[in-house]
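Throughout, a chain's letter reflects where its sequence line sits, starting with A, and its residues are numbered from 1.
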Amino acid sequence: MNTDTDTEHRTAVFRAADIAKIYQMGEVQVHALRGVSLELFDHEFVVLLGASGSGKSTLLNILGGLDVPTSGTVHYLDNELTASDDSKLTQYRRKNVGFVFQFYNLIPSLTAKENVELITEIATDPMDPLDALDMVKLKERANHFPAQLSGGEQQRVAIARAIAKKPKVLLCDEPTGALDVETGIVVLEAIARINDELGTTTAVITHNAAIARMADRVISLSNGQISAVNENASRIDASKLEW
Amino acid sequence: MRKLDRKLIRDLFHMKGQAIAITLVIAAGVAVFVMSTCAYASLSDGQIRFYRNNRFADIFSSAKRCPKALIPRIEQIPGVSTVETRLVYDVLLDVPDMTEPATGRLISIPEIREQRLNEVYISRGRMVEPNRLGEVVASEMFAETHGFKPGDTVRAVINGTVQQLKMVGVALTPEYVIQLQGGAMLPDKKRFGIFWVNERQLESAFDMSGAFNSVLLKLEYGANLDEVIDQLDKLLEPFGSIGAYDRSQQLSHQYVTDELLQLKTMATVGPSIFLSVAAFLLNIVVSRVISQQREQVAALKAFGYFNYEIGFHYLNLVMVISMTGTIIGTLFGFWMGANLIEMYQEFYKFPLLKFQINEIAVLWAFLLTTFAAVVGTWLAVRNAIRLPPAEAMRPEPPPTYRPTIVERFVPLGMLSAELRMIFRNIERKLLKSAVSIVGIAVAVAVLILGSFSLDSLDYLIDFQFRKAQRQDLTVSFVEPATSSVVHEMSGLDGALDSETMRAVASRIRFQHRSRRVGIMGLESEPKLFRLLGEDERPIAVPTHGITLNSKLASLLGAGLGDRLNVEVLEGKRPKINVELTSIVNEFGGVNAYMDKRQLHELLKESAVASGAFLKVDSNRLEDIYQELESRPGVGSVSIKDANIRSFKETVAENMLTMRSFNILFAVVIAIGVVYNSARISLSEQSRDLATMRVIGFTRTEVATVLLGEIILFTIVAIPLGWLIGYWFAAFMIMGLETENYRIPLIINYSTFAFASLVVVLATFFSALIIQRRINQLDLISVLKTRE
Ligand SMILES: Nc1ncnc2c1ncn2[C@@H]1O[C@H](COP(=O)(O)OP(=O)(O)O)[C@@H](O)[C@H]1O
Ligand SMILES: [Mg+2]
């Protein structure tokens, strides 16, 4: 648990300054982000909360180096992501970022373990793929193909895959969006454990306010802007969540 | 193994049907390429070695009778390095196993020295020994065809007297790599043989001591060919020379060169079609795979796989297919090439003609298929790696459908829901549909291309040997025969009809172009040897001017009404300027015709004949043959039916073998294209189809949507394929055309029907497989997963 609330002494992993993202849809301009500034700190567990279409995914993708803002700057530690080219961004993702997506995005032709290995193969100091699966309690399903796993199990494989390279940051876009409550909780527990045990800076997107209670900090987005930032005095264990 | 490679193998296995189909298309292209390039290398190598080792001459000429005293003057022509003189005579042969006469070409062998040019290569037995009369060495082709062994004999009518020729050896010569008699379109292994005889024997038989009638020259490097020919002609003219020519006009050399040219055409046309089709198939299949794996690509990128790693992953997938195809194709190409060389050994006699693996060709095959594969895949892969990962993560927006043009013209309600879906699908992906249609059309076209040769051949034989030439026998005389001989000829027991002709050697000039050709003087309205116009109707030989066949006219660049300079190379060598009054269709050789009386006037001679065409009673053939053999004036007899038969037994049979390969490959293409298009439509639409099933449509109704599309494509593609096939065939024929042969562009309805049927069957079987897949559609899972 992170009890140190003094921002002065914490390392800012991400620093985003006044970022905007505009999508050109033919004649129409879609303002997905309108001047967002924020910092995410080392070891921190942050929940990005907001209604559908509020710009959460856009923000997360920009932090993860999957997308670039139309204006504004983003720093990851000392690297300015907004000044990096495609290959630098790829390098950045390869070394530092773990993603978990709403629809898992596993490779259907590879088993659970192979899906994890796909990532550990290109990482510099990965964990043992089986240990990663063990962390999400799926070691015994290592040789199953995605099609043979339930949605929740697939998402846990996706988490194992994301953490196996011991990333600095773990970015999860609605990891429970496609899951029922119980399964959702198992998945969130897994994410919380990784944040706890590995100290990975973790950002989880959700439109579900209940989930916010397990975070250190909750950043609310609405209409492309940050509408509120709340620090939870104490984090609730994922198993105690209900919605 | 890298996990990405494991994914590759599993993906490949998942799409095995399509992968195999494409592999086979590539294999077919590579096989044709490797076969023709290796055969080319083997044949060309055999030719070069034989020519070099046995000192094949550069220039050839003949005359009636030249004194040997002329030899030093020939040697002094600038540029000439070696001169060989000899006696060459055609005689009638009485071969034990044949009733009909054969023609033997007797060539003298010097007795007191080695041959200087066109050396014979003894393959069995021995050379004739000096001073031994009656010994001959026979050409291998003739000896093999008749099963002759050293020691066997044939009887020849040499200058009126029958002589026994004892074959002591069997030999080859660079001069007759293919055994073909001048004027004949087809090689004749059985009725035309070359025999080498001691010079002394020929000298005495033909009263030619101290003289020669044939001369061969070898040139120094860099010599001026035309200059040497001119000088040689000047020297030999007083002795009845009909003009010298170089290798390009030498029959055997021409045929081998033509064959090499045709192999080149084969090595380009076929493989380009196959590899284009393969590139097209790879493109549609890989595009589909990548669009299905859009989100997997996004995940790989999100986790930091570089673009090139992902690009190579898909390229590797394609490379596995194309490499497998190349390897199978190369091996099959070797096998086919070896067969082709074996087949060549029946026509072309080289001391050493063996199949050679042409490593460069194999390398090229790898490069070409890799190129086709990479080009075919590149667009699809490039789009995949270009897509920003954030973009790829979002599902593709639903396609926009509109009411189709068809629906605007057909009243609503007339079209069923299924038909409307079919039309909307097609209109939405108009380009893709067009490409699929063209693909199927190409399959039809390749089938036509692969099988039309027989139609052309049948037509050619029918045109040339039945419609145009209606004689049974063509008799040529050693010396122009008087009208009384001709009269006797028509009076032969069993002769139903006869016609005479006068043939003279000539040189025809138009502008700066010239050709050495024989002019045939025909009766003005020939009934046996006829000239046919465009519409296959016989045309009368114009009483003035000259008639050329279309090939000769185009070689000279002359058209109707042009005036040509004709120099007759016999007798008093008259030179005249005549009008080109008529052009006829022929598929073999370059020929010129004139009215026979006009020719006689020109030569200031009586009505003599060089030969006669006979129509005979087939029951009396044997008598007629015997009668002809006993006549001293008869130089050779050619039997049309026998020619056609031997042609059909050899050339046509081999053509059939090639044709069945072509058809096999065409079927591979047809199935490859049709099956792949159908599979891709299925994969694109399986979600919609499952939805239809869920909301209550029956299997049949659902199948109608998909199969309807495939059937519609096939229906549109077939006529288009006829058109493309016709073009392909026309293009191919252009590449195969030589001076000796033109293949008419004839495609029978049955060939169109056959090509269509194969494609319809391919569609039918693809449809069956698709139907099975539709029946197995997993309704729940399709609806559960996104995309
Ligand atoms: N690639 C895109 N093209 C056009 N509009 C987009 C694109 N991505 C996102 N948007 C729009 O930007 C807004 C924010 O989207 P997003 O970040 O996905 O929201 P959230 O994840 O909060 O639901 C939405 O209105 C969405 O339609
Ligand atoms: Mg979102």
Side-chain angles (χ1 to χ4, degrees), chain A residues 21 23 25 32 57-68 86-111 113-124 129 145-147 150-151 154 158 161-162 164-165 167 171 173 178, chain B residues 1-16 19 289-290 292-314 316-317 382 384-397 400 683 778 780-787:
Chain A
K21 180 74 186 181
Y23 290 109
M25 296 278 287
S57 297
T58 306
L59 178 58
L60 197 79
N61 287 343
I62 288 173
L63 294 180
L66 289 178
D67 209 348
V68 284
D86 184 60
S87 139
K88 279 234 180 69
L89 284 179
T90 305
Q91 197 77 58
Y92 156 68
R93 296 196 299 268
R94 191 171 178 127
K95 267 169 90 176
N96 306 300
V97 189
F99 283 100
V100 176
F101 308 104
Q102 181 176 359
F103 297 103
Y104 334 131
N105 290 49
L106 295 176
I107 307 292
S109 52
L110 296 179
T111 62
K113 179 162 166 264
E114 287 163 352
N115 261 286
V116 177
E117 285 168 341
L118 188 66
I119 305 307
T120 56
E121 271 173 4
I122 59 166
T124 40
F145 283 94
S150 73
Q154 286 185 54
R161 175 177 69 173
K165 67 171 155 192
L171 305 176
D173 193 346
Chain B
M1 184 193 288
R2 289 194 321 160
K3 294 299 155 310
L4 217 48
D5 297 330
R6 180 157 296 170
K7 166 179 180 306
L8 185 148
I9 291 169
R10 298 219 177 107
D11 285 349
L12 260 177
F13 190 75
H14 189 67
M15 51 184 270
K16 54 184 175 300
V289 166
I290 288 177
Q292 272 175 323
Q293 300 192 354
R294 189 184 154 91
E295 290 166 30
Q296 299 180 36
V297 171
L300 288 175
K301 292 185 89 167
F303 282 105
Y305 270 91
F306 283 103
N307 286 347
Y308 75 87
E309 290 172 305
I310 299 167
F312 270 114
H313 171 61
Y314 288 104
N316 285 343
L317 182 90
R382 196 184 52 172
I385 58 185
R386 259 199 192 161
L387 202 62
E391 189 89 8
M393 210 64 74
R394 304 160 59 85
E396 274 185 275
T400 44
S683 116
D778 183 346
I780 314 302
S781 81
V782 168
L783 294 185
K784 231 170 40 179
T785 58
R786 210 167 53 125
E787 246 287 58

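- Atom CZ of A:Phe145 has more than 12 heavy atoms from other residues, nucleotides or ligands within 6.0 Å.
- Annotation: maximal heavy-atom pairing with chain B below 4.5 Å, among A:Arg161, A:Lys165, A:Gln102, A:Lys95, occurs at A:Arg161.
- Heavy atoms closer than 4.5 Å to chain A are found nowhere in B:Gln293, neither backbone nor side chain.
- In this structure a side-chain-to-backbone donor-acceptor pair under 3.5 Å is missing from A:Glu117 to B:Lys3.
- In A:Lys113, the NZ atom is not crowded: 12 or fewer heavy atoms of neighbouring residues, nucleotides or ligands sit closer than 6.0 Å.
- In this structure, chain B has no heavy atom under 4.5 Å from any part of A:Ala123.
- Here the side chain of B:Tyr305 pairs a donor or acceptor atom with the backbone of A:Leu118 at under 3.5 angstrom.
- In this structure, the portion of A:Asp86 lying under 4.5 Å from any heavy atom of chain B is its side chain and not its backbone.
- Of all heavy-atom pairs between A:Thr90 and B:Gly304, the closest is CG2-O, 3.5 Å.
- Interface residue B:Leu300: only side-chain heavy atoms are found under 4.5 Å from chain A.
- The parts of A:Glu114 that come within reach of chain B are both its backbone and its side chain, each placing non-hydrogen atoms under 4.5 angstrom from that chain.
- For the residue pair B:Arg10 and A:Ser109, the shortest heavy atom distance occurs at NH1-O, 2.8 Å.
- No other option in A:Leu106, A:Val68, A:Ile107, A:Asp67 has as many heavy-atom pairs under 4.5 Å with chain B as A:Ile107.
- For A:Phe101 against B:Phe303, the heavy-atom pair with the smallest separation is CE1-CE1, 4.2 Å.
- Residue B:Phe13: no heavy atom, backbone or side chain, is found under 4.5 Å from chain A.
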